[in-house]
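For reference, the structure is listed below as structure tokens.
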Protein chains: 2
Amino acid sequence: MNIGEAASASGVSAKMIRYYEETGLIPPVGRTASGYRTYGPRDVQLLRFIRRARDLGFPMDRVAELLALWRDRDRASADVKRLAAAQVAALETRIREMEEMKATLQHLVHACAGDNRPDCPILADLGGVKA
Amino acid sequence: MNIGEAASASGVSAKMIRYYEETGLIPPVGRTASGYRTYGPRDVQLLRFIRRARDLGFPMDRVAELLALWRDRDRASADVKRLAAAQVAALETRIREMEEMKATLQHLVHACAGDNRPDCPILADLGGVKA
DNA sequence: TATGGGGCTTCCCATGATGGGAAGGTCAAG
DNA sequence: CTTGACCTTCCCATCATGGGAAGCCCCATA
């Protein structure tokens, strides 16, 4: 299977597959005599693993750790669980931050008449007026 | 006031102040005879405006739009309100996405024993097993 | 007045994950 | 054998931010 097929089968773009290989996240695959990369089902599974982990918000370095655990048949599931729980916590933190932003903005939006007049508590707030 | 003072007074790093000037987000400020940038209270207020908008999650291009409205004394508050409401919606979308990730992960974390054994539904899921 | 330290200037580089695109080789179908 | 789709590598751009070097400037203190 060529890289294009592997890309559509895994949901990872050909560009990114090469990038992952270049940065060592995934091992180099075999090549044909003319230099084409060749992929098997196992490689596609690996790429899908990465894709799924990215979709769950894991940063690249955490993905690398997850991959290492995936490959280690003697891993302790506790290690995996710890990584996943940390990611849950990270998501919670970012969600909380964004909820705060949203609440502040909603408050301002609510206070703004939204008509043709220039008076605007949103701009007043941004401008530092302690309304 | 030099750039360092303006930076600590506004919460925007000197690096970023120069960057904002270079990219045209803010107008060039005056210089001393020896080339030092000089800032006044009005400039600091402008920088704080940007900082605050960034803190509320507005991307740079939206900040530029907000700044344009801020400077336009004939703006309609409706325009400002629309930008703010769009930002609320953008935050909501991202929050929803992250909530989804979090829910999926929590489910997996919950299903994982987290002991010394290697069996792990988290890795199984990432690996594509339709558990 | 000389000196030293800290602040300022510009310029270049790096990030991280991704895409765009060019130049050139390869493969398969017609 | 041609054509078009695919592959290769290489370079560039993103976006907001920081790091750091080389060199100039300013002020306080000895």
Side-chain angles (χ1 to χ4, degrees), chain A residues 1-40 43-44 46-67 87 90 94 97-98 101, chain B residues 1-40 43-44 46-67 87 90 94 97-98 101:
Chain A
M1 180 179 349
N2 284 340
I3 200 171
E5 258 182 294
S8 50
S10 66
V12 178
S13 73
K15 279 276 190 191
M16 289 313 298
I17 296 175
R18 294 192 196 100
Y19 173 74
Y20 291 156
E21 181 182 315
E22 187 193 315
T23 58
L25 181 68
I26 61 180
V29 293
R31 302 279 189 131
T32 67
S34 59
Y36 282 24
R37 289 174 180 81
T38 57
Y39 297 84
D43 300 308
V44 171
L46 172 60
L47 291 169
R48 257 198 287 229
F49 181 105
I50 295 169
R51 178 68 207 278
R52 178 112 178 96
R54 297 288 295 143
D55 284 349
L56 288 172
F58 285 96
M60 292 304 300
D61 53 348
R62 298 293 147 177
V63 174
E65 292 181 46
L66 286 169
L67 273 179
Q87 174 60 13
R94 280 192 285 147
E97 288 167 356
M98 287 197 292
M101 296 181 195
Chain B
M1 177 180 351
N2 284 341
I3 199 171
E5 258 180 293
S8 51
S10 65
V12 179
S13 73
K15 279 275 191 193
M16 289 314 299
I17 295 176
R18 294 193 197 98
Y19 173 75
Y20 291 156
E21 181 182 313
E22 187 193 317
T23 58
L25 182 68
I26 61 179
V29 294
R31 302 278 188 134
T32 67
S34 59
Y36 281 26
R37 288 174 181 82
T38 57
Y39 297 85
D43 300 308
V44 170
L46 171 61
L47 291 168
R48 257 200 284 232
F49 182 104
I50 295 169
R51 179 69 207 278
R52 178 113 179 95
R54 297 287 295 143
D55 285 349
L56 288 174
F58 286 96
M60 291 305 300
D61 52 348
R62 299 292 148 179
V63 174
E65 292 180 47
L66 286 169
L67 273 178
Q87 173 60 12
R94 281 193 284 148
E97 289 167 356
M98 288 198 292
M101 296 181 194

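All chains are named by letter (A, B, ...) in the order of the sequence lines, taking the proteins before the strands, and each is independently numbered beginning at 1.
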Of the nucleotides C/dC8, C/dG20, D/dC26, which one has an atom closest to the side chain of B/Asn2? C/dC8
B/Met1 CE to D/dC26 P, straight-line distance once rounded to whole Å: 18 Å
Measure the distance from CZ on A/Arg54 to C1' on C/dA17 and round it to the nearest whole Å. 7 Å
Value in whole Å for how far the P atom of C/dT18 lies from CZ of A/Arg51: 9 Å
Rounded to whole Å, how long is the line connecting atom CD1 of A/Ile50 with atom P of C/dT18? 10 Å
Looking at C/dT10, D/dA16, C/dT26, which one has an atom nearest to any side-chain atom of A/Ser34? C/dT26
Between D/dC15 (P) and B/Arg62 (CZ): distance, integer Å: 13 Å
State which of D/dC11, C/dT9, D/dG18 makes the closest approach to the side chain of B/Lys15. D/dG18
Apply the test side-chain contact (heavy atoms from CB on, under 4.5 Å) to residues A/Val12 and A/Tyr20: give CA-CA distance (whole Å), side-chain angles for both, the deciding distance (0.1 Å), then the verdict. CA-CA 10 Å; A/Val12 178; A/Tyr20 291 156; 3.8 Å; yes
Taking only side-chain nitrogens and oxygens of A/Arg37, does any of them come within less than 4.0 Å of OP1 or OP2 of D/dC7? no
Shortest side-chain distance from A/Ile3, nucleotide among C/dT9, D/dA16, D/dT8: D/dT8
What is the distance, to the nearest angstrom, from the CD atom on A/Glu5 to the P atom on D/dC6? 10 Å
Between B/Gln87 and B/Leu56, the two heavy atoms sitting closest are NE2-O, 3.3 Å
N-O pairing of A/Glu65 and A/Arg62 below 4.0 Å: yes
N/O donor-acceptor pair under 3.5 Å between A/Arg54 side chain and A/Phe58 backbone: yes
Using a heavy-atom cut-off of under 4.0 Å over every strand shown, decide if A/Arg18 touches base, sugar-phosphate, or nothing. base
Verify the contact: side-chain N or O of B/Tyr19 to OP1 or OP2 of D/dC15, cut-off strictly under 4.0 Å; return yes or no. no
With a 3.5 Å distance limit and no angle check, can you tell me whether A/Arg51 reaches the backbone of A/Gly11 through a side-chain donor-acceptor pair? yes
Kindly say whether, by distance alone, the side chain of A/Tyr36 makes a donor-acceptor pair under 3.5 Å with the base of C/dG25? yes
Atom-to-atom span, CZ of A/Arg31 to P of C/dG25 - whole angstrom: 17 Å
Which part of the nucleic acid, if any, lies within reach of B/Thr32 when heavy atoms closer than 4.0 Å are counted: base, sugar-phosphate only, or nothing? nothing
Whole-Å gap separating P (D/dT14) and CG (B/Asp61): 14 Å
